[in-house]
Novice: 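Sharing a structure with you now.
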Amino acid sequence: MADGYYSSKKTDDVCDDVCGQGSQAALSMSRLRCILRGLDLKIYIFLFAVVPLGVFGIYLHGQKISYFLRPLWEKPPKPFIDIPHYYNQNVSMETLCRLHGWKIRESPRRVYDAVLFSNEVDMLTIRWNELYPFVTQFVLLESNSTFTGLPKPLIFGKNREKFKFVENRLTYVTTGGRFQKGVNPFYEEAYQRVALDQILRVAGIEDDDLLIMSDVDEIPSAHTIDLLRWCDDTPPVVHLGLRDYLYSFEYYVDDKSWRASVHRYQTGNTTYAHFRQSDYLLPDAGWHCSFCFRHISEFIFKMKAYSHNDRVRFSHYLNPQRIQDVICKGADLFDMLPEEYTFKEIIGKMGPIPRSHSAVHLPAYLLNNAEKYKYLLPGNCKRENG
């Protein structure tokens, strides 16, 4: 009753009865009940079902989301200047040099092939047999640790007998790893590449010699190196466009592998590296066969050892049966989307890699020893255990 007015209407709002009453703890609980009472069923579903599922989905597929949205924040690198590449075994070197706009030399340059070695025995065998006729000195550095700081046996040292054919041209050096776990693995990789610079000088490299800079599984074709050693007026640094394969020469990805390069060596200016150092690209100059291993254990070793080991986001990625299934499907070991710069290219490359039935224009040593390296050829996706 107030000034003659009385309302007999009752309220069902719990907040009118409890808010502002009792102890501080009771007051807090009351306010929470007030807030929750005001929410409808749809908001409850959103808070307790949709939001947790969204967080879990980001946890599982956040990397995919990031890669798919890459075109929004990262622009493609500057395009290369493509050098038209001419070759036929029945065409003279003088003609080939002229077709490229270069002059032929009176004698070929010396060639040094330098690599960091991890565990790619078969790839190294194919590489050195491909390049043997034209390489003056093979230089190999092997560490007793991986880029990620894990102990590693000296695998090349144990298999050196298999490479007797290059022994009189081989500079082999081992180095002790720093075993710094948790440090960015690219630092350890850079440390080893700097060491390789010093070893090259010990091996006798001189100005104007050709130096091949590439990983073991980035194999220049023999005729490409022969062309560059015989021709004058070539770019001081030229990147090699390689045909890109995954797991074997059955799964052809594209022709966009470019990190391999050939340098006309200059003391004080030439530094061994694995990034872009020139605008010139010579296409169709060899092969890049990534994760091309005979044994499942070699896949597991590399997944844990190489610079991108952070891609092993879940332990089941290292399950041998899963790895075998992924290989035969032509899928991605790390369940990642393609690393491209446009939505069109990302979408176009999503899904398994189509199988190729072509074994044309592959390294000669591989085809001459097809039975031994059967796992690298079309129709042979099964890998050996151990």
Side-chain angles (χ1 to χ4, degrees), residues 115 117-131 155-156 159 162 214-222 224 240-260 283-306 308 311-312 317-339 348-386:
V115 294
F117 182 81
S118 178
N119 67 329
E120 313 95 329
V121 174
D122 284 354
M123 281 293 107
L124 185 66
T125 304
I126 295 169
R127 177 195 184 93
W128 280 1
N129 274 279
E130 174 73 16
L131 298 176
I155 297 173
F156 179 84
N159 289 275
K162 296 179 181 179
S214 68
D215 287 348
V216 170
D217 58 9
E218 297 169 335
I219 305 173
S221 61
T224 296
L240 304 180
L242 308 180
R243 293 174 61 84
D244 208 0
Y245 297 86
L246 186 64
Y247 310 138
S248 72
F249 293 98
E250 179 173 23
Y251 296 106
Y252 172 64
V253 180
D254 56 32
D255 60 355
K256 295 184 178 181
S257 179
W258 56 265
R259 290 185 179 274
D284 203 5
W287 313 269
H288 178 199
C289 199
S290 184
F291 279 92
C292 291
F293 296 115
R294 184 187 298 271
H295 301 98
I296 294 294
S297 60
E298 294 172 302
F299 284 86
I300 296 172
F301 176 83
K302 180 168 181 177
M303 292 170 74
K304 295 190 295 184
Y306 86 139
H308 296 287
R311 294 175 178 177
V312 185
Y317 282 9
L318 301 175
N319 179 276
Q321 186 56 54
R322 175 191 177 272
I323 292 173
Q324 179 61 81
D325 292 343
V326 167
I327 295 168
C328 284
K329 290 177 182 176
D332 190 274
L333 281 171
F334 305 100
D335 195 26
M336 292 172 56
L337 290 181
E339 298 181 74
K349 286 189 176 181
M350 288 175 65
I353 304 167
R355 294 186 181 216
S356 168
H357 299 288
S358 173
V360 178
H361 301 306
L362 296 183
Y365 182 81
L366 170 62
L367 297 182
N368 283 328
N369 296 271
E371 191 59 36
K372 182 179 180 180
Y373 299 105
K374 188 176 180 180
Y375 75 96
L376 290 173
L377 297 172
N380 300 283
C381 68
K382 292 293 183 180
R383 294 297 185 268
E384 298 177 20
N385 293 321

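Atom set for the values below is all heavy atoms of this structure, side chains included, hydrogens, waters and symmetry mates excluded.
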Novice: Verify, without hydrogens or angle tests, whether Arg243 (side chain) and Leu362 (backbone) share a donor-acceptor contact under 3.5 angstrom.
Specialist: no
Novice: I'd like to know if the side chain of Glu218 and the backbone of His288 have a donor-acceptor N/O pair within less than 3.5 Å.
Specialist: no
Novice: At their closest point, which heavy atom of Arg127 faces which heavy atom of Asp215, and how far apart are they?
Specialist: NH1-O, 2.9 Å
Novice: Would the distance check show the side chain of Tyr247 and the main-chain N or O of Ala331 forming a donor-acceptor pair, the cut-off being under 3.5 Å?
Specialist: yes
Novice: Please say whether the positively charged group of Arg322, taken as NZ for Lys or CZ for Arg, lies over the ring of Tyr317, i.e. under 6.0 angstrom from the six-membered ring centre and within 45 degrees of the axis.
Specialist: yes
Novice: Applying side-chain hydrogen bond (donor to acceptor under 3.5 Å, both in side chains), can you list everything that pairs with Lys329, at least two apart in sequence or on another chain?
Specialist: none
Novice: Give me the atom names and distance for the closest heavy-atom approach of Ile300 to Pro320.
Specialist: CD1-CG, 4.2 Å
Novice: How many angstroms lie between CD in Glu339 and CG in Asp332, if you round to the nearest 0.5 Å?
Specialist: 9.0 Å
Novice: So, Glu250 side chain and Gly379 main chain: donor-acceptor pair closer than 3.5 Å or not?
Specialist: yes
Novice: Taking Asn319 for its side chain and Gln321 for its backbone only, find out whether a donor-acceptor pair lies under 3.5 Å.
Specialist: yes
Novice: With a 3.5 Å distance limit and no angle check, can you tell me whether Ser290 reaches the backbone of Leu246 through a side-chain donor-acceptor pair?
Specialist: no
Novice: Which atoms form the tightest heavy-atom contact between Cys381 and Ile327, and what is the distance?
Specialist: O-CG2, 3.6 Å
Novice: Between Pro378 and Ala359, which heavy-atom pair has the shortest distance, and what is it?
Specialist: CD-CB, 4.3 Å
Novice: Sort out for me which residue in Leu124, Val115, Asn119, Val121 forms a side chain to side chain contact (heavy atoms under 4.5 Å, CB included) with Phe156.
Specialist: Leu124
Novice: Report yes or no: is the cationic atom of Arg383 (NZ for Lys, CZ for Arg) under 6.0 Å from the centre of the six-membered ring of Phe293, at an angle within 45° of the ring normal?
Specialist: no
Novice: Checking Asn380 side chain against Lys374 main chain: does a donor-acceptor pair fall under 3.5 Å?
Specialist: yes
Novice: I need the minimum non-hydrogen distance between Phe291 and Leu333, along with the two atoms involved.
Specialist: CD2-CD1, 3.7 Å
Novice: Kindly indicate whether the side chain of Trp287, heavy atoms from C-beta on, has any atom under 4.5 Å from the side chain of Ile126.
Specialist: no
Novice: What's the separation between atom CH2 in Trp128 and atom NZ in Lys162, rounded to the nearest 0.5 Å?
Specialist: 13.0 Å
Novice: Is the distance from the ring center of Tyr251 to that of Tyr245 below 6.0 Å?
Specialist: no
Novice: To the nearest 0.5 Å, what is the distance between OH on Tyr252 and CG on Asp244?
Specialist: 8.0 Å
